[in-house]
Amino acid sequence: MGSIQREIRLESDRDPGFADEIRSMPGCEHLDRCIQCATCSGVCPLSVYMDHTPRRIMELTRDGFKDDVLRSNTIWLCASCYECQAECPMEVGVTDVMVALKNKAIASGVAPKDVPTPVLAREFFRMVRETGRVSEGKLVQRLYLKTGPAKFFGMIGLGRDLMRTGRFSLRSERMKRPEDLQRVLDGTPGVGK
Amino acid sequence: MKYAYYPGCSLKASGKAFEESLLAVCSALEIELAELDDWNCCGATAYMAVDETKGAALASRNLALAEQTGLDMAVPCAGCYGVLLKAQAMQRKYPRLADQVSVGLKAGGLTYGGRVRVKHPLEILAMDFGTKAFRSRVKVPLKGLRVACYYGCRLVRPESPFDDSHDPVTMDNLLKSVGARIVDYTLKSKCCGGSLTGTIPEVGQNLCYQLLKEAQRREADVVATACPLCQFNLECYQKDIARKYTDLKPIPVVYFTQLLGASLGLDPVALGFPRLIVPIEPILRERGIMAKAGTEPAKAGV
C-alpha cells in the first residue's frame, strides 16, 4: 500500500459570495437542489478525464471554493453535450453552471493559457467580432500558433484529405457588413470586446 | 412550403456536403429555403463560454432577421440549432437578460419579439413535409442498407421540441420509410466530443472511437448524422483514430440528407458524395442501390 494522503480544504479557502454570484447567472438558480447523487458524473462521457467530476463541481461551487473550481480542467473538458442536465433528477442546470464557470474563469483571467479549449473560445470570440463569421481554416491556424505549432504537422494527412474533397480553405468567410453585428455586440452589456 | 434558411459557418466550409444534399433534397420536394441576408455566426458553445449575454445577443440577431421574413427558420447545423433554441429559452425565462439583448439589438436597428419557430431539417422533412409524403417520392429504395442513426447531443438536448432527448427516433423512422434497415444503436445521442476532438485529441478521439466501434459491432454499413461537427469528427479523424485503435475498420459517415437524396434518385455529385473521405459508393453498389457502371467516383469542386 502506498502513502495515504488527503487534501484538506480550509474555511479560509472559501469565497462566501461565489455561490450567490453563480446562482444569479442564467440556468444556475437551482444549484442548491443538488442532492449529490452523481447521475451527472455517471452519464458524463468525459468525467473520467476530469480532475473534479461534475458532482464535485456542484458541491465545491455552492460551498464557495472558487479557486478549485475555476482552475479545474473540468470546465474545459466539458463539451456542453447537456447530458448531465437532461438526466439530472433534481433539474439542476449542471451544464449551464459549467458555462457560467467558464465565463467567470475567462473574465477573472484564471483560465489556463496553454490548454487549447479556452484559447479556442477566445480566438473564436475575436474572429466573430471581426468578420461576423467563423473561417474554420483560419481559426485552426490561429489555435495552433498559440498552443503549439508542432501539433500542426500531425494534421497534414487530414489537411490533404480536406483539400482533396474541397472542404478546407484559408479564405476568410465574412459578412457583407460586419459592422451591423458589431453594433449589436457593442450595444449589449457584457465583458467587452 | 418556404423557410428562412440559416446555414451557419460549417455548411459553407467543411460541411458543404450537408448544404449541397439538403438543398438538392428540398428542391426535389419543392421546399423553398431562402437564405437569410447577411446572417452572422450563431456563436456556438465557444462564444457563450466567454460571455453568455453577448452570446445570446449574437444568436438573437439571426432570430430577429428571420422574424422579419415571417417564416419558420430552417437550421441544419445541430450546433447552431441548439444555440438558437437556447437563446430563445434564456430570453423567455430571464427578463433581465432579454432586456440586455434587446438593448443590443436596438443598437443594431433590430427588434426580436420571440415569435420565430426554429426547426431542424429532420423535423421539417419528417413532420412538416411528412414521412408518408416522402415515401411516395422514393425512386431508389435503400433496400438492405444497414444504417446507424447518430443524432449527437445538441439536436435533442437539453430539450427537443420534436423528439426524445435520450432516445430520439425521427431519423430512424424517416430512413426506415425509404427502405433502409436501421440497426439498434444505443449510443445515438452520446456526445462526439465536439471541438475537443481537435483541441484535446486523446480525449475527443476516444469518444469518436467508441461511437464508431459500436456502429461496427452492430454491423452498420454506414453512420448517418445530422450535424456537421459530428460528421467531421467521425469521418475526418477516422484514419487517426484507426492508427491508435487498430480494431476499427473504415466506415462511411454521411449526412442523413445524402441518404434521403440517394433514395430520391438524385445525382451523387449534387448530393456531395465526392466530398466524403471514406466513400459511400462501394457499399451502395454492393447493395444494388447504385448502378455498378461508371465506377470512377466524381471529383469534388473546390
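Below, read A as the first sequence line, B as the second, and so on, with proteins coming before strands; counting in each chain starts at 1.
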Region of B:Ser102 in contact with chain A, defined by heavy-atom distances below 4.5 Å: neither

Where does the angle between the aromatic ring planes of B:His120 and B:Tyr81 fall among parallel (under 30°), tilted (30 to 60°) and perpendicular (over 60°)? perpendicular

Most chain A-contacting option - heavy-atom pairs closer than 4.5 Å, from B:Gly204, B:Gly43, B:Gly198, B:Gly193: B:Gly43

Using side-chain contact (heavy atoms from CB on, under 4.5 Å), reason through A:Glu173 and B:Cys9 one step at a time and then give a plain yes or no. CA-CA 8 Å; A:Glu173 285 291 330; B:Cys9 303; over 6 Å; no

Got a donor-acceptor contact below 3.5 angstrom from the B:Glu235 side chain to the B:Ile277 backbone? yes

Please classify the contact of A:Glu29 with chain B as side chain, backbone, both or neither, using a heavy-atom distance under 4.5 Å. side chain

Is B:Ser14 close to chain A through its backbone or its side chain, or both, or neither, when contacts mean heavy atoms under 4.5 Å? both

In terms of heavy-atom pairs under 4.5 Å with chain B, the winner among A:Asp180, A:Thr95, A:Val119, A:Ile75 is A:Asp180

Winner by heavy-atom pair count (cut-off under 4.5 Å) against chain A, out of B:Ala49, B:Gly108, B:Cys42: B:Ala49

Side chain of A:Asn103, backbone of B:Met48: donor and acceptor closer than 3.5 Å? yes

Where on A:Val128 is there a heavy atom nearer than 4.5 Å to chain B: the side chain, the backbone, both, or neither? side chain

Which bit of B:Gln238 is near chain A, if near means a heavy-atom gap under 4.5 Å: side chain, backbone, both or neither? neither

Relative to chain A, which of B:Leu196, B:Thr53, B:Leu105, B:Val103 shows the most heavy atom pairs under 4.5 Å? B:Leu196

Given that the side chain runs from C-beta out, which part of B:Ser165 has a heavy atom under 4.5 Å from chain A: side chain, backbone, both or neither? side chain

Under 4.5 Å from any heavy atom of chain B - which part of A:Leu181: both

Heavy-atom donor-acceptor pair, A:Lys66 side chain to A:Thr61 backbone, under 3.5 Å: no

With chain A, which of B:Asp37, B:Leu207, B:Val203, B:Thr45 has the greatest number of heavy-atom pairs at distances under 4.5 Å? B:Val203

Donor-acceptor pair, distance only, cut-off 3.5 Å: does the side chain of A:Arg167 make one with the backbone of B:Lys16? no

Which one, B:Ala44, B:Gly272, B:Ala107, B:Gly109, leads in non-hydrogen pairs under 4.5 Å with chain A? B:Ala107

Heaviest contributor of heavy-atom pairs below 4.5 Å to chain B, chosen from A:Ala121, A:Ala111, A:Pro118, is A:Ala121

Short N-O contact, A:Arg23 and A:Asp32, less than 4.0 angstrom: yes

Which atoms of A:Glu87 come close to chain B, meaning under 4.5 Å heavy atom to heavy atom: side chain ones, backbone ones, both, or neither? side chain

What part of A:Leu185 is in contact with chain B, defined as an atom under 4.5 angstrom from a non-hydrogen atom: side chain, backbone, both or neither? both

Start with the C-alpha gap between A:Phe18 and A:Phe65, add the side-chain angles, then the distance that decides, and say whether ring-ring contact (aromatic ring centres under 6.0 Å, His included) holds. CA-CA 8 Å; A:Phe18 185 61; A:Phe65 289 103; over 10 Å; no

Lys/Arg N to Asp/Glu carboxylate O, A:Asp68 vs A:Arg56, below 4.0 Å: no

Using a strict cut-off of less than 4.0 Å between a Lys/Arg side-chain nitrogen and an Asp/Glu carboxylate oxygen, indicate whether A:Arg129 and A:Asp186 qualify as a salt bridge. yes

Let's test your reading of the structure: which of A:Cys44, A:Ala79, A:Pro178, A:Gly132 forms the most heavy-atom pairs below 4.5 Å with chain B? A:Gly132

Closer than 3.5 angstrom, by distance alone: can the side chain of A:Lys102 be matched with the main-chain N or O of A:Cys78 as a donor-acceptor pair? yes

Bottom line for A:Leu77: the part with an atom under 4.5 Å from chain B's heavy atoms is both

Checking the side chain of A:Ser47 only, and the main-chain atoms of A:Thr53 only, is there a donor and an acceptor separated by less than 3.5 Å? no

So which part of B:Tyr47 gets closer than 4.5 Å to some heavy atom of chain A, the side chain, the backbone, both or neither? both

Side chain of B:Gln91, backbone of B:Ala87: donor and acceptor closer than 3.5 Å? yes

Out of A:Ala100, A:Ala86, A:Ser135, A:Gly187, which one racks up the most heavy-atom pairs below 4.5 Å with chain B? A:Gly187

Do the rings of B:Tyr255 and B:Phe18 sit parallel, tilted or perpendicular, given the 30° and 60° boundaries? parallel

With a 4.5 angstrom heavy-atom cut-off, is it the side chain or the backbone of B:Lys239 that approaches chain A, or both, or neither? side chain

Counting only non-hydrogen atoms closer than 4.5 Å, does B:Glu202 touch chain A with its backbone (N, CA, C, O), its side chain (CB onward), both, or neither? backbone

Would you mind telling me which of B:Lys93, B:Gln210, B:His166, B:Glu159 has the largest number of heavy-atom pairs within less than 4.5 Å of chain A? B:His166

A:Ser80 versus chain B, heavy atoms under 4.5 Å apart: side chain, backbone, both or neither? both

Can you tell me which portion of B:Lys106 sits under 4.5 Å from chain A's heavy atoms? Options are side chain, backbone, both or neither. neither

Can we say A:Asp13 and A:Arg9 salt-bridge, meaning some charged N sits less than 4.0 Å from an Asp/Glu carboxylate O? no

